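Predicted, not measured: the structure shown is a model, and the values here were computed from it. Quick note on labels: first sequence line is chain A, next is B, and so on, each numbered from 1.
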Amino acid sequence: MSTGRTNAEIKMHQDYKPKNIEAVAQQYWNEKLTFRAEDQSEKPKYYCLSMFPYPSGKLHMGHVRNYTIGDVLLRYHRMKGFNVMQPMGWDAFGLPAENAALANNVPPAAWTYSNIDVMRTQLQSLGLGVDWSREVTTCKPDYYRWEQWLFTRLFQKGMIYKKTSSVNWDPVDHTVLANEQVIDGRGWRSGALVEKRDIPMYFMRITQYAEELLADLDQLEGWPEQVKTMQRNWIGKSHGCEVYFPYDAASIGTAGVLKVYTTRPDTLMGATYVAVAAEHPLATQAAASNPALAEFIAECKHGGTAEADMATMEKKGTNTGLFVTHPLNGEQLPVWIANYVLMGYGEGAVMAVPAHDERDFEFAKKYNLPIKQVIERDEIDAIKTASLDNKFTADHWQEWYGEKELRICINSGKYDGLNFQQAFDTISADLQAKDLGQKRTQFRLRDWGISRQRYWGCPIPIIHCALCGDVPVPDEQLPVILPEQVTITGAGSPLAKMPEFYETTCPQCGGAAKRETDTMDTFVESSWYYARYTSPGCSTGLVDERARYWLPVDQYVGGIEHAILHLLYARFFNKLMRDEGLFGEQTLRQKSVNEPFTNLLTQGMVIAPTFFREGAAGKKLWINPAEVDIETDSRGRPVGAKLRADGQPVVIGGTEKMSKSKNNGVDPQIIIDQYGADTARFFIIFAAPPEQTLEWSDAGVEGAFRFLRRIWNFAYSNKNEIGIYRNNSNQKSDEYYLKALSNDQRDVYREMHVALKQANFDLQRLQFNTVASACMKILKALEQQMVLVTSGMNTKAVVITNGFSILLRLLSPIAPHITQTLWQELGYGDDILSAPWPEVDEAALIQDEIELIIQVNGKLRGKLRVAKDADHATLEQLALTHPSVEKLLAGQAAKKIIVVPGRLINVVI
RNA sequence: GCCGGGAUGGCGGAAUUGGUAGACGCGCCGGACUCAAAAUCCGGUGCUGGUAACAGUGUGAGGGUUCGAGUCCCUCUCCCGGCACCA
């Protein structure tokens, strides 16, 4: 390692001044283009990506956490010898810009761009190792142009198609509402009862990739198991059966079949009615001559489209008076309309088996429909549980009614005695023989509706021509530019009121035509940005050959809330782009381009305490934690809180996610201004492991700052010693002095390397909070060394010099500014990022004597220092003669002695 | 409602995956320094009893497996994330 200085006497500032050193360090990285990523290298590449932010105004703690975690990984890998790349950009389209426009009368574009400028400055002040030359902004035409280009390709392939779908309609504001904007069934601004309305929309055939999206999860070894499980369940592959119920000619009047899908064909003999959605053709037919039915169907239109609401609402239904025929036993089953059956999913109809489906059971009880048991516990099980009351009863639901393992069919005619699989196969075969059904594999996953009736989004590049139909905009006319000067009224899309936008000519026939005024779901932009980062400035395509070098992303970091939607859409888009040939020819296709993100880290939320006062009419007035003083008892337990401004008490609420509504957000900028970026970064890493929720604590921030200042003070006190040791040309090797350490020094040296070993292990498993702990332990060990009576200047100097060098490098990914500054100041080198990652001195870890614990019946009773290679017989003897063991044995012999080498001896009495 | 997580001192968390529960930090208590305060440094700190040695007890609740359970199994409670138009 070369030294940066020749003179032994080192001058540095006595006090830790984060503002000064952070500015200097950041300037150093800027000037040296330290984080400009090379598009080719001898080194292995490491593409580290944090989820890009929505430019909501200013940085919040969640951002700081996300980007600090990413930056720690980036800097660590850089020191480990990787060619690293960490880009940053803006997920700039979205609803909040339109809301801000309504509130402040600012066009969404202006609001968004000004937020981006503020947030970019804030991100830069954190000292992130970002290659800003790759910045993308999704609301700019040079970005969304390629989204439109890909749309036209997918449209031509049939991967995008049009169909009608339900949206939340606000009948007062005459506008489509997001699920978030529907509160208790009412529009958030108008307060009007929301209705479902069917409108035409474009859909992406994600279901066509369902099988691959499911199967490839198995390859994602670097993903958390819980995320993969959630995605598997979301895709929801099921094996079931299609069943056709022929129309009853007498009541329906026409020939036809009612199609349903079921995963429980074994219970088909127990079907006692069928239920259809309000929009189902049979429902429409029945309602034509029945005003009560028409009224019920109208009632089903009320409320929003969110699944959570559907699942929790009261189940209601009405009998249509129509009948269908059971395909196997020929019974006439009544057709009901039920509000929980949805037209958009499956066939819009279900067969109901009340005895073996909990929801059907409830419905049947409510409307006095017949309940017919067709499944019984099998014999083995019946014997086992003979004493239990396991007889079927229609009085109340029992869990086993719905289970399919260890069950046999009863009351099912020729199917009696069959188990689940046998009944499944036999009934499916019989249905197929009668042409009334067949086995089918189905997915829960639905096609992705991407049309939005909003202004601030990427225009859908389609032209509607009366003669030619939906025509994609030709390449040479792309991008379709979203006009940025508009007025937002909150009622309908501004684009639909701008003839200068929508009036156009058909690219095919040249006749007058109308441009599509819907924009795309903002999830589309975030589905491919990781690819665009690889090819900044590319004006010839979505990506260029640089994508082949950088993709896939090696490490993706972002919130757990994106576990399903965003991550599934991005995986889907990666496959779409691959199949479009964007990542190279098919023959060159490698396993690695099938999935976009090799490793995934899902970070937890940042939460903080809440405080409030009861205002008029019981309304809570939320008070920011920064304005509150907490009182504690003599043990430090909180007993009350007071508002600093008036000294009067406030109520302590729960600890919740930082949000504007609860006024419990802590502005990271205040922390950065007061303590510096290193303190903010260190605290946020130290306070919790990345995947857990993090509770914010101002006191904890102080602690982080104190630690960094102690490092600075230690460096200042020892600057000359380290400098002289490093620069003495007559110096013998480190190894020479390390052999000559005193026992105390050897302990300190070993402690440091034990901490380093733990830290290296923790870095690999992404548990950074304990890496921060390790840094604190190393500093403590070094400080102890200072108060020890030591023999010899050089042995002391080698421990300090070696130890402090480890500390600086281990800490540098977390607190990059102070470590870079001290690395230079103390003459270790110019650039700590170019220094090799510290290695553990394994030899230093070996001890001659180890401590074993002694247990009696698993309970700690004593400790013992023994030679590290003592044999079992010796250990057993030592344990038995241990005073507290002897006392408990009271002359009796031990039943058993368990020796766990290097750990413990357990004497069983 | 469904799917996925979580719960450990006054607080944030640790425990190398079945082997000393509470590392590290915050807070609190005591001490040093100071005319004093702040800052800093040193020591203590799960709970109960005891001057103490020590004993008992303790990882959301209840059961189980094991020589030994925060960790594995079963049942339950509460909290959080997602549920397809918040991003």
Side-chain angles (χ1 to χ4, degrees), chain A residues 51 53-54 56 91 94-96 167-168 176-182 224-227 229-230 232-234 236 304-313 340 358-359 445-449 451-454 521-523 526 559-566 568-569 602 604-605 607 632-638 654 656-657 683 686-689 691-704 706-707 709-710 713 757-758 761-762 765 767 769-770 772-777 780 787 851-860 863 884 895-898 900 903-904 906-909:
Chain A
M51 290 181 185
Y54 178 80
S56 53
D91 189 11
L95 204 48
V167 293
N168 304 308
V176 176
L177 298 176
N179 284 338
E180 184 189 54
Q181 297 172 315
V182 179
E225 210 50 55
Q226 54 157 318
V227 175
T229 304
M230 282 191 261
R232 278 189 197 105
N233 292 340
W234 185 261
T305 58
E307 192 195 286
D309 297 335
M310 294 291 171
T312 49
M313 73 183 174
Y340 64 86
E358 193 168 6
R359 194 165 58 176
L445 181 68
R446 311 195 299 255
D447 276 339
W448 175 14
S451 293
R452 296 291 179 270
Q453 299 69 46
R454 296 189 206 298
D521 181 0
T522 57
F523 270 126
S526 56
I560 183 68
E561 65 272 22
H562 296 294
I564 296 176
L565 292 180
H566 162 62
L568 190 65
Y569 292 148
T602 48
M605 299 175 304
I607 60 176
T632 58
D633 66 12
S634 62
R635 299 192 108 119
R637 283 183 284 231
E656 300 186 48
K657 182 177 171 175
F683 173 71
F686 176 69
E691 307 213 311
Q692 272 183 40
T693 53
L694 181 151
E695 189 171 328
W696 186 261
S697 141
D698 287 333
V701 177
E702 290 255 359
R706 283 205 288 264
F707 168 66
R709 190 171 52 192
R710 255 168 66 208
N713 292 342
K757 184 167 185 155
Q758 181 67 49
F761 175 78
D762 291 341
R765 58 174 179 152
Q767 185 173 285
N769 56 324
T770 46
S773 294
C775 292
M776 290 174 149
K777 285 179 191 171
K780 207 168 193 178
V787 297
E851 191 180 64
L852 287 187
I853 63 143
I854 302 196
Q855 296 180 334
V856 175
N857 291 343
K859 205 165 245 185
L860 176 69
K863 292 174 185 180
S884 29
K895 277 188 193 154
K896 199 171 172 186
I897 302 175
I898 289 147
V900 183
R903 290 240 176 229
L904 58 80
N906 187 14
V907 180
V908 185
I909 296 175

From [atom1] of [X] over to [atom2] of [N], roughly how many Å is that when rounded to an integer?
| X | N | atom1 | atom2 | answer |
| --- | --- | --- | --- | --- |
| A:Q692 | B:A7 | CD | P | 7 Å |
| A:K780 | B:G43 | NZ | P | 8 Å |
| A:R710 | B:U40 | CZ | C1' | 11 Å |
| A:K859 | B:A55 | NZ | P | 10 Å |
| A:R903 | B:A15 | CZ | P | 13 Å |
| A:R765 | B:U17 | CZ | C1' | 9 Å |
| A:R706 | B:A38 | CZ | C1' | 13 Å |
| A:D762 | B:A14 | CG | P | 10 Å |

Describe the nucleic acid contact of [X] in one word from base, sugar-phosphate, nothing, applying a heavy-atom distance below 4.0 Å.
| X | value |
| --- | --- |
| A:F523 | base |
| A:T602 | nothing |
| A:E691 | nothing |
| A:T522 | sugar-phosphate |
| A:Q767 | sugar-phosphate |
| A:P689 | sugar-phosphate |
| A:Q181 | nothing |
| A:V167 | base |
| A:Y54 | sugar-phosphate |
| A:T229 | sugar-phosphate |
| A:K895 | nothing |

Per-nucleotide protein contact string for nucleotides 65-84 of chain B (B base, S sugar-phosphate only, - none; heavy atom under 4.0 Å): --B------------SBSBB
Carboxylate-amine/guanidinium contact A:E702 A:R709, below 4.0 Å: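 Looking at A:R709 together with A:E702, the answer is no, because their closest N to O distance does not fall below 4.0 Å.
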For the backbone of [Y] and the side chain of [X], can you confirm whether one donor and one acceptor N or O come within less than 3.5 Å of each other?
| X | Y | result |
| --- | --- | --- |
| A:N906 | A:G858 | yes |
| A:D762 | A:N769 | no |
| A:Q181 | A:A178 | yes |

Residue mapping more 5' on RNA chain B - nearest nucleotide basis, A:V900 or A:A311: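 The residue closer to the strand's 5' end, by nearest nucleotide, is A:A311.
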Residue whose closest nucleotide on RNA chain B lies nearer the 5' end, A:S697 versus A:A688: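 Checking each residue's closest nucleotide, the 5'-ward one belongs to A:A688.
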Under the ring-ring contact (aromatic ring centres under 6.0 Å, His included) test, residues paired with A:Y340 that sit two or more places apart: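 If we apply the ring-ring contact (aromatic ring centres under 6.0 Å, His included) test to A:Y340, skipping adjacent residues, the hits are A:F363.
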A:W448, A:Y569, A:Y54 screened by ring pair (Phe, Tyr, Trp, His ring centres under 6.0 Å) with A:F523, the one that passes: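 For A:F523, the ring pair (Phe, Tyr, Trp, His ring centres under 6.0 Å) check succeeds only for A:Y569.
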Is there a side-chain contact between [X] and [Y] in this structure, where contact means two heavy atoms from C-beta onward sitting under 4.5 Å apart?
| X | Y | value |
| --- | --- | --- |
| A:H566 | A:D91 | no |
| A:L568 | A:L445 | yes |
| A:E691 | A:T602 | yes |

CD on A:Q453 to CG on A:L177, rounded to 0.5 Å: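 It is 10.5 Å, given to the nearest 0.5 Å.
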Least distance between heavy atoms, A:N857 atom then A:I909 atom: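 Looking at all heavy atoms of both residues, the shortest contact is OD1-N, 2.9 Å.
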Rounded P spacing from B:G82 to B:C76 in Å: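 Their P atoms lie roughly 26 Å apart.
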Stem segments of RNA chain B by first residue number [Watson-Crick or G-U, under 3.5 Å, at least 3]: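 The stems that RNA chain B takes part in, listed by first number, are B:1-7 with B:77-83, B:10-12 with B:24-26, B:27-32 with B:40-45, B:46-49 with B:54-57, B:60-64 with B:72-76.
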